[in-house]
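Reading through the structure tokens given below for one structure.
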Amino acid sequence: MRMSLHDKMTRLMDSARNTYPVSNLLGISDLSNILRSKTLVFSQPQMVGGAQISTNKFKAQNGVGFQMYPYDQTKYSINVTKGQRIMQSINIKTDGQISNSYISFYQNGKGHNNITPIITKVDDSTYKLQADFISTFDGSMLLLDINGLTFTNATYFELSNAHVAVTQVGGGNS
């Protein structure tokens, strides 16, 4: 069955809404940026920074903010150009609640750019954290760096469904 242009555009916009953080309706400029972006699909990285129970399952530390980041930082670093938009998301499954978190867009030589993520409840125990950042200079950026991760009434958490996309637009010298 052939899909109409309207149906194709509706499916594209629905997919974009599920992938990228948006607070309102997507506009034409949003669609343009999505079409010009490169999706970096990773296998779920092995993360470090917490008391590990098993692969990507960790003991929750209630009321204490801590950092989680990929064990292999080289594999999860990219070169960005000033003006490029980087979008990241990750799912966190827990038996408690997330009370605080930042997604850091760590740029070599510039430090952490902590962005408060949009947190969406996926199901009774899973939350999706998503944020985006526009690079302020040309250089290397560490992906999937979570800062200040704080839980309430939790015994464990698991990380899954890591997703990163980078726009192909940007440019300019730092």
Side-chain angles (χ1 to χ4, degrees), residues 18-23 30 33-34 37-53 55-94 96-122 126-152 154 156-174:
N18 292 330
T19 305
Y20 299 98
V22 291
S23 55
D30 297 311
N33 284 336
I34 290 166
S37 68
K38 176 181 179 184
T39 300
L40 307 173
V41 178
F42 299 119
S43 57
Q44 178 64 40
Q46 179 182 350
M47 303 289 276
V48 296
Q52 193 167 4
I53 297 171
T55 303
N56 288 325
K57 185 173 184 177
F58 300 87
K59 184 177 190 277
Q61 302 173 34
N62 290 299
V64 177
F66 58 98
Q67 181 181 13
M68 299 295 299
Y69 51 90
Y71 175 77
D72 184 351
Q73 293 181 24
T74 305
K75 184 176 177 183
Y76 295 94
S77 291
I78 60 168
N79 287 319
V80 294
T81 304
K82 181 178 179 178
Q84 280 188 302
R85 181 177 176 209
I86 301 92
M87 297 146 289
Q88 301 186 70
S89 67
I90 193 164
N91 285 0
I92 299 178
K93 181 176 181 175
T94 182
Q97 296 84 38
I98 298 171
S99 56
N100 189 47
S101 183
Y102 301 100
I103 293 181
S104 175
F105 294 80
Y106 183 83
Q107 291 184 286
N108 237 354
K110 299 288 184 181
H112 290 280
N113 296 289
N114 286 326
I115 305 296
T116 302
I118 294 170
I119 301 176
T120 308
K121 196 165 189 172
V122 176
T126 307
Y127 300 86
K128 180 178 184 176
L129 280 64
Q130 53 187 353
D132 64 330
F133 177 75
I134 296 175
S135 177
T136 55
F137 81 110
D138 298 345
S140 176
M141 179 175 286
L142 176 62
L143 303 173
L144 304 173
D145 185 0
I146 304 167
N147 269 333
L149 185 57
T150 310
F151 294 94
T152 305
Y156 77 95
F157 67 97
E158 294 180 63
L159 303 168
S160 65
N161 296 332
H163 179 84
V164 177
V166 180
T167 61
Q168 295 299 299
V169 295
N173 297 321
S174 38

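None of the values given here were measured: they were computed from a predicted structure.
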Legend entry - Sidechain-backbone polar pair: Asp138 side chain, Lys82 backbone, donor-acceptor under 3.5 Å: yes
Legend entry - Side chain proximity check, Met68 to Phe58, heavy atoms < 4.5 angstrom: yes
Inset, instruction - Please report the shortest heavy-atom distance between Lys59 and Phe157, naming the atom on each side. - result: O-CE2, 3.8 Å
Legend entry - Residue pair Ile92 / Leu159, side-chain heavy-atom distance below 4.5 Å: yes
Inset, instruction - Would you please test Gln88 and Asp145 for side chain to side chain contact (heavy atoms under 4.5 Å, CB included) and show each step? - result: CA-CA 10 Å; Gln88 301 186 70; Asp145 185 0; over 6 Å; no
Legend entry - From His112 atom NE2 to Ile103 atom CD1, the distance as rounded to the nearest 0.5 Å: 13.5 Å
Legend entry - Residue pair Gln107 / Val80, side-chain heavy-atom distance below 4.5 Å: yes
Inset, instruction - Drop me the distance from Ile146's CD1 to Ser104's OG, to the nearest 0.5 angstrom. - result: 10.0 Å
Legend entry - Under 3.5 Å: donor-acceptor pair, side chain of Asn113, backbone of Phe105: yes
Legend entry - Heavy-atom pair of closest approach, residues Thr94 and Ala154: OG1-CB, 3.4 Å
Inset, instruction - Over all heavy atoms of both residues, which pair between Val64 and Thr150 is shortest? Give the atoms and the distance, please. - result: N-CG2, 3.8 Å
Inset, instruction - Mind checking the CD-CE spacing from Gln84 to Met141? Nearest 0.5 Å is all I need. - result: 9.0 Å
Legend entry - Nearest-0.5 Å distance that lies between atom CG in Leu143 and atom CD1 in Ile78: 4.5 Å
Legend entry - Close side-chain approach of Lys128 and Asn161, heavy atoms under 4.5 Å: no
Legend entry - Contact check, side chains of Phe151 and Phe66, non-hydrogen atoms, under 4.5 Å: yes
Legend entry - Non-neighbouring partners of Tyr127 that pass ring pair (Phe, Tyr, Trp, His ring centres under 6.0 Å), sequence neighbours left out: none
Legend entry - Residue pair Leu142 / Pro70: nearest heavy atoms and the distance that separates them: CD1-CD, 4.4 Å
Inset, instruction - Please report the shortest heavy-atom distance between Thr81 and Ser135, naming the atom on each side. - result: O-CB, 3.6 Å
Less than 3.5 Å apart, which donor and acceptor atoms pair up between the side chains of residues 115-122 and the rest of the protein, not counting sequence neighbours?
none

